[in-house]
Asks: 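Structure in structure tokens, see below.
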Amino acid sequence: MPAVSKGDGMRGLAVFISDIRNCKSKEAEIKRINKELANIRSKFKGDKALDGYSKKKYVCKLLFIFLLGHDIDFGHMEAVNLLSSNRYTEKQIGYLFISVLVNSNSELIRLINNGIKNDLASRNPTFMGLALHCIANVGSREMAEAFAGEIPKILVAGDTMDSVKQSAALCLLRLYRTSPDLVPMGDWTSRVVHLLNDQHLGVVTAATSLITTLAQKNPEEFKTSVSLAVSRLSRIVTSASTDLQDYTYYFVPAPWLSVKLLRLLQCYPPPEDAAVRGRLTECLETILNKAQEPPKSKKVQHSNAKNAVLFEAISLIIHHDSEPNLLVRACNQLGQFLQHRETNLRYLALESMCTLASSEFSHEAVKTHIETVINALKTERDVSVRQRAVDLLYAMCDRSNAQQIVAEMLNYLETADYSIREEIVLKVAILAEKYAVDYTWYVDTILNLIRIAGDYVSEEVWYRVIQIVINRDDVQGYAAKTVFEALQAPACHENLVKVGGYILGEFGNLIAGDPRSSPLIQFNLLHSKFHLCSVPTRALLLSTYIKFVNLFPEIKTTIQDVLRSDSQLKNADVELQQRAVEYLRLSTIASTDILATVLEEMPPFPERESSILAKLKKKKGPGTVTDLEDIKKERSSDVNGSTEPTTVNASTVSTPSPSADLLGLGAAPLTSSAPPPSSTGSLLVDVFSDSASVVAPLAPGSEDNFASPDLASTEIVSEEPADTVHDADELIHKFVCKNNGVLFENQLLQIGLKSEFRQNLGRMFIFYGNKTSTQFLNFTPTLICSDELQASLNLQTKPVDPTVDGGAQVQQVVNIECISDFMEAPILNIQFRYGGTFQNISVKLPITLNKFFQPTEMASQDFFQRWKQLSNPQQEMQNIFKAKHPMDTEITKAKIIGFGSALLEEVDPNPANFVGAGIIHTKSTQIGCLLRLEPNLQAQMYRLTLRTSKEAVSQRLCELLSEQF
């Protein structure tokens with residue numbers, strides 16, 4: 001970078017900054033800034049042309065004012081003009097201003113792009129560096145479209161300087177992360193791999209970052225990088241710290257590059273070439289050997305750099321999982337860190353050992369550290385380290401140590417942090433079930449678990465206990481006896497009452513022979529807990545009582561008296577009242593045979609994966625719950641559990657396509673035995689987290705149809721264009737309060753949406769995913785608007801590629817401008833050919849009036865003053881309707897905010913009501929809107945009142961919002 005001479009110092013800027021710092025109040029600062037802005041504006045508009053220095057100084061002042069938090073609405077053109085300067089400092093300030101202030105939608109973007117192109121073509125390394133930094137800092141899609149094809153040429157050109165290569169590699173990485181579809185793969189990909197052999201280690205470091213990211217999406221394209229990465233890593237690892245002086249950090253040669261190379265190698269399986277594999281093994285052994293050497297410096301930077309390389313090497317060893325010797329050595333090295341005085345090292349060691357425990361080669365070696373891990377669980381001060389210790393105990397558990405580990409986790413549970421109690425409960429429940437040789441131990445463990453941490457025992461846990469007890473005849477009597485004894489404690493957790501009620505209702509007869517647990521005593525014991533329990537538990541106990549009528553006829557009268565009491569028959573809760581009435585009537589009129597048939601013992605549950613394990617996987621995220629036995633059977637298996645069994649009519653439902661739900665947007669599988677998604681699924685980007693998917697039948701003549709509920713909202717017609725648009729109002733209502741989700745899905749195509757709106761403008765990204773292995777040809781999406789809608793809504797779309805490869809995804813951008821208020825929604829029509837068959841899909845796009853809502857905060861007085869001003873009958877729209885969903889306060893608040901209005905707290909005199917305010921922005925006008933939602937919990941009704949300055953807007957907003965509750 002050129003040195004900045006003293007003449008480049010900007011005295012005026014220094015004086016202005018000094019004045020700002022000396023301001024005694026916010027008002028004084030604003031006054032000084034306004035004065036300066038007026039001065040700068042007059043200079044820019046003056047007749048006298050400004051020289052480069054003056055432009056630079058004034059642009060710098062504007063930049064400083066912006067960084068103080070004030071809006072800047074001029075000076076952009078002057079900053080762009082600085083790009084054409086031949087002085088470094090002026091060009092630098094111009095690029096800095098553009099990187100910080102210029103919006104990617106700015107009208108100046110074309111001028112900026114021209115300036116950048118000139119600098120890239122100048123071959124001046126300093127100017128090229130500034131241009132590349134600007135592209136990377138802005139990183140917009142427009143920048144990617146303009147330069148994604150140019151930057152790879154600069155990167156692999158033979159005459160490009162090293163500093164420019166570094167910037168080009170990192171700039172291309174930035175563009176690929178923001179717009180991967182715009183970075184073309186071509187001849188340059190094979191040449192960029194050879195940058196790993198570059199003499200300049202800065203170039204190698206930048207290239208490694210780029211290649212690692214590209215290899216994750218296109219592994220085959222960059223497969224040749226493996227041997228080059230191993231070769232470069234070998235040279236670094238075996239070099240002395242003096243060999244790489246410029247890249248040696250506290251006696252550790254090139255630690256950042258070493259870490260990046262090790263991460264790149266984790267994108268691939270172990271090398272097939274024996275020579276390369278042997279060289280990599282030598283590298284890893286050398287890194288492990290160096291970890292045993294005494295430190296060359298006592299400074300923490302030395303140990304941090306050394307350990308960073310070590311932990312990344314261990315991650316690579318675990319990833320390859322093929323060298324038993326290295327795995328055991330890695331485990332022993334991590335074991336030494338378990339007692340290190342540095343907390344971060346102990347945390348990382350525990351985390352890495354969790355993964356090691358899943359390898360069949362190193363599992364036994366990990367188990368040797370069980371006492372150290374248990375001690376960490378008891379003595380660690382940091383809760384995150386204790387949590388990793390719990391994870392490691394769970395991972396290292398097998399039949400040989402299950403009882404010891406479960407006992408230790410139960411002991412720790414009594415004093416564990418509240419944040420991790422639920423997770424420990426799930427893990428104890430899973431281990432107790434999985435490794436139970438004697439199921440009496442399992443029953444004791446779960447009951448103890450409920451006693452210690454009942455509030456954290458989820459429904460899945462006690463459901464699972466009951467399933468296992470019902471399925472195992474040998475443990476039923478013991479379970480009934482144990483739960484009966486546990487219920488005799490003066491204070492029982494409600495979950496224990498649930499388990500006790502269910503088990504005694506099914507198997508109480510097995511212990512009724514003992515005078516200490518006679519039928520009447522069992523009933524009185526359960527009924528003594530009745531009044532302390534919640535409604536769902538009371539409902540379960542009433543079911544237990546009617547079961548007792550069948551099991552123990554001698555206490556039938558006692559139970560009927562309880563069911564007949566006013567507290568049951570006239571209970572305020574409908575569910576309890578109905579159960580009491582029906583059970584009383586059943587016990588009165590039904591014969592013994594009928595009672596025995598209706599109330600017979602529960603049949604065994606079908607065997608399936610534990611719902612507790614499914615809950616733990618969901619809580620921890622996919623891929624974090626490891627299981628050695630599962631990995632031995634199939635390394636890549638991923639089992640999805642389900643809490644409830646899925647009933648499927650085999651005559652009407654066939655197996656869905658294995659490539660279903662490629663976008664990962666959450667359409668549930670139709671059958672419990674559906675095959676896992678194929679590898680095709682990984683080709684498409686997981687765009688959204690939540691979804692509302694609609695599954696439609698296939699076009700005739702394409703693939704076999706499969707049945708699905710709720711098929712009425714969309715339809716596909718083949719061979720001829722659709723004459724009618726699908727009734728998609730219900731689907732649009734699902735998008736009223738959210739912007740992301742699945743719009744349409746069948747076995748061929750999945751359409752996802754992601755959109756953003758601000759004032760009267762919006763942008764919608766439509767993702768088309770090909771779920772088949774066959775190309776879509778002549779793929780043509782078209783937006784259709786009526787004449788009336790075209791006058792109110794301006795939609796601009798970018799064309800998409802007419803060919804969509806199998807398993808691929810294409811994206812279409814729709815720019816939206818609201819001219820005036822509108823009622824209808826535009827129609828998206830998609831036509832393409834699949835396997836020779838013409839496909840035609842039409843769905844409504846969820847662009848609704850409320851998307852152009854901007855929330856407005858108002859005080860109570862202002863709200864009701866404005867409310868009274870909008871009192872004309874034409875300005876108000878009211879709707880009284882039945883609640884379609886549970887009346888939850890937090891969900892209601894979230895929906896009102898998602899609808900677009902501000903939720904005004906403490907405005908309505910009735911705290912149960914919800915009020916909101918906002919402005920609908922259109923190009924022609926702004927329409928103020930006030931809303932009031934009054935829930936009636938007792939009647940399960942709502943009254944929604946909307947007042948706006950325009951009748952049609954009130955009506956449309958009222959229709960849209962009413963459907964949300």
Side-chain angles (χ1 to χ4, degrees), residues 196 201 204-205 208-209 211-212 215-216 225-241 243-244 247-271 273 275-296 301-338 340 342 344-359 361-362 365-366 369 388 392:
L196 294 176
L201 286 190
V204 180
T205 305
T208 307
S209 296
I211 293 168
T212 302
Q216 289 169 354
S225 65
V226 173
S227 58
L228 296 176
V230 171
S231 175
R232 175 61 81 173
L233 181 65
S234 176
R235 278 180 274 165
I236 295 171
V237 168
T238 55
S239 66
S241 57
D243 295 344
L244 305 170
Y247 288 87
T248 295
Y249 181 78
Y250 287 88
F251 304 102
V252 182
W256 284 277
L257 178 54
S258 301
V259 167
K260 288 177 184 292
L261 289 169
L262 289 164
R263 285 188 181 167
L264 170 58
L265 292 170
Q266 289 176 53
C267 297
Y268 294 95
D273 188 317
V276 176
R277 189 166 184 168
R279 196 171 184 185
L280 177 57
T281 302
E282 287 176 14
C283 290
L284 296 172
E285 285 178 342
T286 305
I287 294 171
L288 292 174
N289 290 337
K290 284 186 175 181
Q292 300 292 336
E293 295 174 2
K296 296 179 180 178
Q301 291 93 334
H302 170 73
S303 59
N304 282 348
K306 188 176 173 182
N307 290 331
V309 177
L310 174 63
F311 274 104
E312 208 58 53
I314 290 173
S315 295
L316 179 60
I317 292 168
I318 294 169
H319 170 75
H320 285 171
D321 195 17
S322 59
E323 296 287 341
N325 180 44
L326 285 177
L327 285 162
V328 172
R329 284 195 62 187
C331 180
N332 294 336
Q333 181 61 53
L334 292 172
Q336 294 176 21
F337 286 143
L338 290 180
H340 199 279
E342 179 63 42
N344 288 338
L345 276 180
R346 296 198 300 275
Y347 178 94
L348 290 170
L350 288 166
E351 189 174 50
S352 298
M353 287 186 83
C354 284
T355 317
L356 271 175
S358 65
S359 169
F361 300 121
S362 56
V366 172
H369 300 284
R388 293 288 81 77
L392 180 52

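Below, all heavy atoms of this structure are taken into account, side chains as well, without hydrogens, waters or symmetry copies. Small disclaimer: the values here were computed from a predicted structure and weren't measured.
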Asks: Evaluate the side-chain proximity of E323 to I317: yes if any heavy-atom separation is below 4.5 Å, no if none is.
Replies: no
Asks: Any heavy-atom pair between the side chains of Q301 and V252 that's under 4.5 Å?
Replies: no
Asks: Considering only heavy atoms from C-beta outward, does the side chain of R235 approach that of C283 to under 4.5 Å?
Replies: no
Asks: Would a distance-only check, ignoring hydrogens and angles, find a side-chain to backbone donor-acceptor pair under 3.5 Å from K296 to H302?
Replies: no
Asks: How about Y347 and F337: are their ring centroids closer than 6.0 Å?
Replies: no
Asks: Return yes if some donor-acceptor pair links the side-chain N/O of S352 with the main-chain N/O of A349 below 3.5 Å, else return no.
Replies: no
Asks: Is the side chain of S362 donor-acceptor paired with the backbone N or O of L356 at a distance under 3.5 Å, no angle test?
Replies: yes
Asks: Examine distances only and state if a side-chain atom of H319 and a backbone atom of Q266 form a donor-acceptor pair shorter than 3.5 Å.
Replies: yes
Asks: Go through I236 and L261 one step at a time and tell me if the side-chain contact (heavy atoms from CB on, under 4.5 Å) criterion holds.
Replies: CA-CA 10 Å; I236 295 171; L261 289 169; 4.0 Å; yes
Asks: So do R346 and R388 actually touch side chain to side chain, heavy atoms under 4.5 Å?
Replies: no
Asks: Any sub-3.5 Å donor-acceptor pair from H369's side-chain atoms to L334's backbone N or O?
Replies: no
Asks: Any side-chain heavy atom of L338 sitting closer than 4.5 Å to one from M353?
Replies: yes
Asks: Determine yes or no for a side-chain-to-main-chain donor-acceptor pair under 3.5 angstrom, with T208 supplying the side chain and V204 the backbone.
Replies: yes
Asks: Under the criterion side-chain contact (heavy atoms from CB on, under 4.5 Å), I'd like the reasoning laid out for L196 against S225: C-alpha separation, chi angles, the key distance, then a yes or no.
Replies: CA-CA 8 Å; L196 294 176; S225 65; 4.0 Å; yes
Asks: Side chains of R232 and L228: closer than 4.5 Å at any heavy-atom pair?
Replies: no
Asks: Let's go through E282 and S234 carefully: what are the C-alpha distance in whole Å and the side-chain angles of both, what is the deciding distance for side-chain contact (heavy atoms from CB on, under 4.5 Å) to 0.1 Å, and is it a yes or a no?
Replies: CA-CA 8 Å; E282 287 176 14; S234 176; 5.9 Å; no
Asks: Please confirm whether W256 and Y249 have ring centers closer than 6.0 angstrom.
Replies: yes
Asks: Are any side-chain N or O atoms of K306 and backbone N or O atoms of F251, one a donor and one an acceptor, separated by less than 3.5 Å?
Replies: no
Asks: For the backbone of E342 and the side chain of H340, can you confirm whether one donor and one acceptor N or O come within less than 3.5 Å of each other?
Replies: yes
Asks: Rounded to the nearest 0.5 Å, how far apart are CD of E285 and CG of L280?
Replies: 10.0 Å
Asks: Nearest 0.5 Å please: distance from the NE2 atom of H320 over to the CG atom of L327.
Replies: 11.0 Å
Asks: Check the pair T212, K260 against side-chain contact (heavy atoms from CB on, under 4.5 Å), reporting the backbone distance first and the verdict last.
Replies: CA-CA 8 Å; T212 302; K260 288 177 184 292; 5.6 Å; no
Asks: Does V226 reach the side chain of L264, with side-chain heavy atoms less than 4.5 Å apart?
Replies: no
Asks: Could you check whether any side-chain heavy atom of L233 comes within less than 4.5 Å of a side-chain heavy atom of V237, counting everything from C-beta outward?
Replies: yes
Asks: Kindly check if the number of other-residue, nucleotide or ligand heavy atoms within 6.0 Å of CZ (R263) is above 12?
Replies: no
